[in-house]
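Here is the structure we will look at.
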Amino acid sequence: MVEIFIIPLVTAFLLAIFIRNKKVVWPLFLISNLYILLKLWTLFGKWEIEKTIYTNYELFGAKLSFTLSNNPLGWYFAFFSAVITLVISVFSLGFNQKTKENVAPIWMLIIFSNLGIFFAADWITFFMMWELMGWTSFFAITNGRDKALNEAKYYLVLSLLGASSMLIGIILLGALTGSFEIFASAYGLVQVFYSEKALSIAAIMLLLFAFFIKSAIFPFYMWPSKVYAVGPEDYITFMSSVMIKYGIYPIAMFIVPVVGSLDLPKILNTANWIQYFVGYLGAISAVLGTILAIFQTDMKKLFAYSSVANMGYILLGFASMNIVGFEGALFHAVNHMVLKAAIFLTLAAVIFRTGESEMHKLGGLVYRMPITFLTFLLGIIAAAGIPPLNGFGSKWMIIQALMSQKMIIFAIAMIFASTGAFMYLFRALASIFLGQLPDRFKDIKEVPLTMLIPMIIMMIGMLLIGVVPGVVMKPLTTALRAVGYNVNIASWTSLEGALKNSTIDLTLVFLIFLGGFVISAIMYILGNKSETVPQEDNYTGGEYPEEWGVNADRFNYSYSFYQPFKEMFEPLLEKISIDEFFASIGRNFEYMSATVQGLFRRGEGAVLLFSIGVLLLILGGWII
Amino acid sequence: MIEILRVFLFGFFAIFIGLFFMGIGRKIIARIQLRLGPPFYQAFLDVGKLFSRKSITHNFVMDLGMVMSLAGLVATMLFVPIAGHTAIKTSSNLIVIMYLMAIGYLGMAMAVAASGNPNATIGVSRALTMMLGYEVPFFTVMLGLIIINGTSSLELIANSQAGSILNWNMIKFPLGFIAAEIALQAMMGEKPFDAMIAPAEIASGPMVELSGKYLGLAFLTHAVSIFVETAIIVNLFMGGASNIFTFVLKQFEIYLITVIIEAVFPRFKIEQAVKFLWTVPMSIALLQLVLIVF
Amino acid sequence: MTSRWDVERFGIGPMATPRQADVLLVTGYVSLKTLKRIIRTYEQMPEPKWVLAFGSCTVNGGIYWDSYNTITNLAEYIPVDITVSGCMPRPEAVMDALQTLMKMIQSGEAGAYKKYKENYEYYKANQDRVLRKTYPILGEKLIQNEEAATSIE
Amino acid sequence: MKLSKEEIIDLLKQRGLEVNDLYPTQISVIVNKENLINHLVYLKSIGFDHLSFINAVDFIDEGEFELVYHVWSYTNKVHVLNKVRIDRNDPKIPTIVDLWEQAQFYEQEVHEFFGIVFEGNKDLSPLFLENWLDIPPLRKDFDTREFSIRLFDAKPNGGDR
Amino acid sequence: MDAPSYMLTKIAEKDDLAVYELFFGPNHPGMHGNFGYVLEMIGTEIVKVRPNAGQLHRGFEKLMEQKLWVQNIALVPRICVVDPDPNEVAYCTAIEKIMGIEIPDRAKFIRTITLEMSRLTSFLMGMGALGAALGLYTPMYIMTADRDLILDLFEWLTGGRIYHIFNIPGGVRNDLPEGWVDRLNKVLDHLEKRLIEYDKILFENPIVHKRLKGLGYVSKEDAVRFGLTGPNLRASGNPYDVRVDDPYAAYAYLDVKVIIQEGGDALTRAVQVRIEFEETIKLIRQALKLMPEGEVRLNLGNLAMLKVPKGEAYAKVESSKGEFGYYVVSDGGMKPYRVAVRGPSLPAGLLLAQKHLPKMKIDDVAAWMGSLAICPPDIDK
């Protein structure tokens, strides 16, 4: 148990020493990572393992201790995120081969804190790891571009906001329940909820606030698009696929059990107000993320908003408070990890080769980067939630749960968002890979092998989970059973819905699709043979485009792809001026961040933070 | 083995019926336009001709996409119960059907975007916008039926209407039927919701670069989509059928309504179409949903 | 094409783009600017393809035979399978031509598109002669005026 | 304020122009090149607001081009042919695009077919012909029949000769 | 983030790659005739337009100088296929003006009737094409079917369906055949009945209204300033009609009602055509009623040997698309010295295209062209 924490740190140290020597870095990196994965694998089922460091300090009557434990849900997240992180880090090493060599130690640290978050058993450890990750990402973002600093500061300020809110929440929780251990405090909170209603709700809300910030849920949906646009592509891959789930995990761990155990009054016989609150935020995130993603021109921003929408789906799954919805949400968390990693890896590959991230400046890359294209294609099919790939099963479960709970508005929002997802996903596909290849990119090549292999692994992963959902669902259901939920262990191939007679067999779906494909291919083969013509040979109403000064660059429809659609939303967006509102918030944050930055520059930051922390502690104690 | 045979049987049956409908549809439109019109088997001749011609492709994505588009729709078709039979025993889940259908559209969109013609890409962007337009009201109608039946299995919903005509959802939930009918018009890409094709605007949009067998595959895709979409409506609202002939007859009734509407309406602009779909059928559907749920 | 004659009853209909078309109908006179576009359209059509030249003007220039901007014989530039006389031809004549073309296709007579491939050089030379002129046609006679004209430019 | 044809003739004569009374609703005015813009501005001010079109006539024997500006008044119901003669060897005339915007295309057309330069017109690119290397085709010394025979191998009477 | 639509032109200047080009014509289903616009677009909005005229240029003005006076009558109707008679009448009127002859009254009336019939066919085509541009093919087919009825009448009268070559200097070729007038009356009755159907399917169609309302607005002043004529001018509220202002043929004897509408957008223009269509039927009825008996042409000797005295004349005719003008110069010879043609579509097709099409959607181009009844052949000549 402890070795998976020690090894990354030791490796990071060793890597930092041998950083110049490629022959050492690669084997060392891979071996230690594979060892960690192996160790994680063996940890499955051994839920009793726990390591605690006891202290004699007491805070508001709660004993302070640092505990790492192999809790089932944590394992579920930790294992899959570790696999994804390894793949991303391998890609990253290839990505940074020429420019910077010092990424390997940073990745080891990231792996360390990643595992730390998921295996933390008490709030204090959790908070420490959380903060470690926050600061690591701040530095990783600023590593990217020159102008990245501003956006990184924006992120930092939000992070700090979330952290302080979490800190207060944790302290409140400790004071209320007398324990900082996650399970114990959850149990305690349910006990004291009715007597200390206001404070309990405040604690839940403060924690939710922090988690929502991390997962970019509705009011805080701005940071991914800002950060991803400037951050280094390899690192934002990690952020968008793994880090954004850090808010999801504690919700599943703590909030859902607590709210599920409470007996709150139900509105319209369907759900209680916390469900509605969470659900509405999720629905708004899903819809707004979708609409905003549709209008982006920068591909990284587009997928940033797509992440926001996906977080919305997960939240909707939680909000349903139905076991199928809950499973679906957790399943979707892993699915989204895989598919977002695949998509962002391809984006990184495209940027690696072309240096462009504005979609309308790209086009036709399928002619030059076929494997990248294929990965991206599978990625967007998965992201759109279309059957033979992995995004479908989890979305389907969430929709099933929403329908069975008669949450009609949420179900409609979900359908709106996932149909809208076709729009932005297809736009990215068409603009980046399809269409005319501009002359500027006539002689680019496919990315090198170190970057191809991670992409291929991701492809296989998406297909595997899509066809055999048991790969994820089996561990998940086992973990949920271990935690105490009343679930059946999932079969390898099929998923169970919440409604009557709604078990679907995804392998069968895949086979049926294959059947359709065979029929279709027969028709294709029956047809007369075809002839490949160059991309310039296109219908132009009979005109010769070159005579009108039209080259491939000027023959691509990709800017303002959904203009009619946008015009529909323009008055609406103007009326509620949501953009303007958040832009002003953004400006305020920028102002704040400038202040904070000023403090840091003068070396007073640490003092200030410390004093704020102390002040809050004292205030907290005083209130209670 | 028998299952593979059934897959083929169902697949080709859908193609056959779809093309047959298309041929009759053209004839009916011609009669409305005071013309004699082509013979009813014209669609078969067209497809035969298209497949026998040499065709032009821009890259492998075009081939892959066109095959994928037909594959997606045939796969969808295999999920839809026809007179109580499905090709393979499944739960014929409505959401699965809706999503599988998207493979077809995505494949088609990919193929035509790969051709690198802006007309085609505009067509695709319109088609996807339209999809968002009709999917939402259609799903809202479906949601009502799913909630009241407590199942998302198309087969169970169809079976629940067995018995007299008064049990049909069409009679029980007329508002929902109207909304679904309007959404269906858009789903089939018929006027007034055919902005994605719009020859006068974008030179037949997605089809602009398709030739020979690619156009043939697009034809077949359209044929199967007609079959699938009418079959969904028949199952949802007209109680399915006990035998295959009544089922096809009911499908044809639905298709007939679509064709007649097609003949007498011009096309909406895409934003007008989406606005219309989000106001008229959507509010009808929501009203129906509210009536069902509360 | 009108509803009284309705060619669709023979399964013939207009298509939007050359990619989808089998037969190229050249309806009437062909000006130089149009010829250029006809050639591109023709070359974009997938094989097998046929050309129906429509009206006297495509055969010998018709009423515009002495115009400086219309060609006189379309068959010099792209292979023509069948021509219809008249200016304008009557709808019955067009329908007859279409049906004759259908019969010719069935019997394998209509294969002008093969000629285009075989004699590509000949057609290209003819096309280039009229479309990519590099010197004035009446230049030697009127060299002074020509100079004046270019100086105006 | 409606002016009759006679009043208009009088007005124009007062401005020292040569006016011919052609038909019940038509008069022609002979203007010189320098006076043209002034004259047209004046006409526009007394209600001649519709520029029908501009065309040129090649009087090759006299060595002159005649430009005709067709102006019609909706209020006076009179059509005025404003005729300007310019030298054939130095065919230049000021543009009237500022007066009537559609004159842009008429001037482009006249330039293309006669080679007349409209000074001040920014865009005199060819509108109708492509790759035209001969003298402008509507000049009288351009022999279209010869041109057609040489370039297209045209045969008079369909080759029956 | 995609920019809002009102910023597109600025983006076009700044970011070249945001712009793409779309070729609208000549080989395009939305384009009537051989004409083209090269559209520079951002998204689905047009930012710049380059008209590509001249693909129908046949050098009419040059050809006419090579042919005898009367031979040219075979040439002129080919300038505009859908509405050929105004060309013949304008050309003949110009010759008659130069020669200073007055044609017999009956000839004037027959000319008027053929002109108005030609207007009907053209309106039918125009309304059908507008419907087709909006994707509504049914009225197009019904209207072409109805147009064939008029073409049959033309064939009976003149021997030609499309090109009639019926008007000659000094009158018309022949008198009306027996029974022709009855048949014409029947056709007119039929058309009047059909109008109700057109209204139902096209002009009262809510979607047509939605599509056309506010499209391509031309103000009252602009319509005159840009040189628009015909129904387009009157749809902007200008009560001008050549038939009234400068009567030719028999219009001086007839009570021509000038219809004006204040609207100036595409819908108004479409409705304008519809109302004028009805008026045209009434006008033909009126002409039939008032038509005197008598000669139908002057004896000018052998027309092939016709010599026109030295002189010049401009003759204009109100065609279905606006003012068709022929400026004829004669040097007293066997052939015209110069014939210049003013087609009605040029201001709309070239000038207004550059004014209106930017900021318009690609969706609307075909409908816009249909509403202005742009006929490319008379731009190119």
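Lettering follows sequence order; numbering is per chain, from 1.
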Please classify the contact between [X] and chain B as side chain, backbone, both or neither, with a heavy-atom cut-off of under 4.5 Å.
X         : value
Phe433(A) : neither
Leu377(A) : side chain
Ile412(A) : both

Please walk me through it: do Phe422(A) and Leu132(B) pass side-chain contact (heavy atoms from CB on, under 4.5 Å)?
-> CA-CA 9 Å; Phe422(A) 297 145; Leu132(B) 189 57; over 6 Å; no
Taking side chain as everything from C-beta outward and backbone as N, CA, C, O, which of these in [X] sits under 4.5 Å from a heavy atom of chain A? Side chain, backbone, both or neither.
X         : answer
Met282(B) : side chain
Leu94(B)  : neither
Val61(B)  : side chain
Leu289(B) : side chain
Leu220(B) : side chain
Thr129(B) : both
Val124(B) : side chain
Met110(B) : both
Leu217(B) : side chain
Leu156(B) : side chain

Evaluate the side-chain contact (heavy atoms from CB on, under 4.5 Å) criterion for residues Phe416(A) and Trp278(B): first the C-alpha distance (whole Å), next the side-chain angles of each, then the deciding distance (0.1 Å), finally the verdict.
-> CA-CA 11 Å; Phe416(A) 179 93; Trp278(B) 283 352; 3.6 Å; yes
Are [X] and [Y] packed together at the side-chain level, in the sense that at least one heavy-atom pair is separated by less than 4.5 angstrom?
X         : Y         : value
Tyr557(A) : Asn119(B) : no
Met68(B)  : Ile381(A) : yes
Ile147(B) : Ile408(A) : yes
Ser558(A) : Thr121(B) : no
Ile522(A) : Phe8(B)   : yes
Met523(A) : Phe12(B)  : yes
Leu70(B)  : Phe517(A) : no
Lys213(B) : Tyr524(A) : yes

So which of [options] has the biggest tally of heavy-atom pairs under 4.5 Å with chain B?
options                                    : value
Ile415(A), Thr532(A), Val366(A)            : Ile415(A)
Ile380(A), Leu434(A), Leu425(A)            : Leu434(A)
Leu437(A), Val509(A), Thr540(A), Asp505(A) : Val509(A)
Ser404(A), Ala411(A), Gly420(A), Ala521(A) : Ala411(A)

Between [atom1] on residue [X] and [atom2] on residue [Y], distance to nearest 0.5 Å:
X         : Y         : atom1 : atom2 : answer
Ile270(B) : Phe565(A) : CD1   : CZ    : 10.0 Å
Phe51(B)  : Ile525(A) : CZ    : CD1   : 11.5 Å
Phe426(A) : Leu106(B) : CZ    : CG    : 6.5 Å
Glu209(B) : Asp537(A) : CD    : CG    : 7.5 Å
Ile512(A) : Leu100(B) : CD1   : CG    : 8.0 Å
Leu286(B) : Ile409(A) : CG    : CD1   : 6.5 Å

Let me see the working for Met403(A) and Ile95(B) under side-chain contact (heavy atoms from CB on, under 4.5 Å), right down to the final yes or no.
-> CA-CA 11 Å; Met403(A) 289 196 302; Ile95(B) 314 288; 3.9 Å; yes
For a quick test of reading the model, state the closest non-hydrogen atom pair linking [X] to [Y] and the distance between them.
X         : Y         : result
Ser152(B) : Gln400(A) : OG-NE2, 2.9 Å
Glu271(B) : Pro564(A) : OE1-CB, 3.4 Å
Gly11(B)  : Ile519(A) : CA-CD1, 4.0 Å
Ala430(A) : Ala113(B) : CB-CB, 4.1 Å
Pro388(A) : Ile103(B) : CD-CD1, 3.8 Å

When [options] are compared by non-hydrogen pairs under 4.5 Å with chain A, the top option:
options                                   : answer
Val136(B), Leu143(B), Thr221(B)           : Leu143(B)
Val224(B), Ile122(B), Thr76(B)            : Ile122(B)
Ala75(B), Ser125(B), Gly216(B), Gly133(B) : Ser125(B)

Does a donor on one side chain sit under 3.5 Å from an acceptor on the other, for Ser530(A) and Tyr214(B)?
->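 Per modelled atom types, Ser530(A) and Tyr214(B) side chains form a pair under 3.5 Å.
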Answer with yes or no whether the side chains of Thr57(B) and Glu531(A) bring together a donor and an acceptor at under 3.5 Å.
->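 No, no side-chain donor-acceptor pair sits under 3.5 Å.
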Scan for side chain to side chain donor-acceptor pair (under 3.5 Å) pairs involving residues 364-379 of chain A, sequence neighbours excluded, and state none if there are none.
->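 Pairs touching residues 364-379 of chain A that pass the test: Tyr367(A)-Asn59(B), Thr372(A)-Glu446(A).
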Side chain to side chain donor-acceptor pair (under 3.5 Å) partners of residues 97-107 of chain B, not counting sequence neighbours, each pair once =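 Residue pairs with at least one partner in residues 97-107 of chain B: Ser418(A)-Tyr99(B), Tyr105(B)-Glu229(B).
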Please report the C-alpha distance between Thr419(A) and Leu128(B) in whole Å, then the side-chain angles of each, then the deciding distance to 0.1 Å, and finally whether the side-chain contact (heavy atoms from CB on, under 4.5 Å) criterion is met.
-> CA-CA 9 Å; Thr419(A) 314; Leu128(B) 290 171; over 6 Å; no
Is it true that a side-chain atom of Asn117(B) and a backbone atom of Tyr539(A) form a donor plus acceptor pair closer than 3.5 Å?
->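 Yes; judged by distance alone, with no hydrogens or angles, the pair exists.
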Parallel, tilted or perpendicular, as decided by the 30° and 60° cut-offs, for the rings of Phe60(B) and Phe373(A) =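 If you compare the ring of Phe373(A) with that of Phe60(B), the planes turn out perpendicular.
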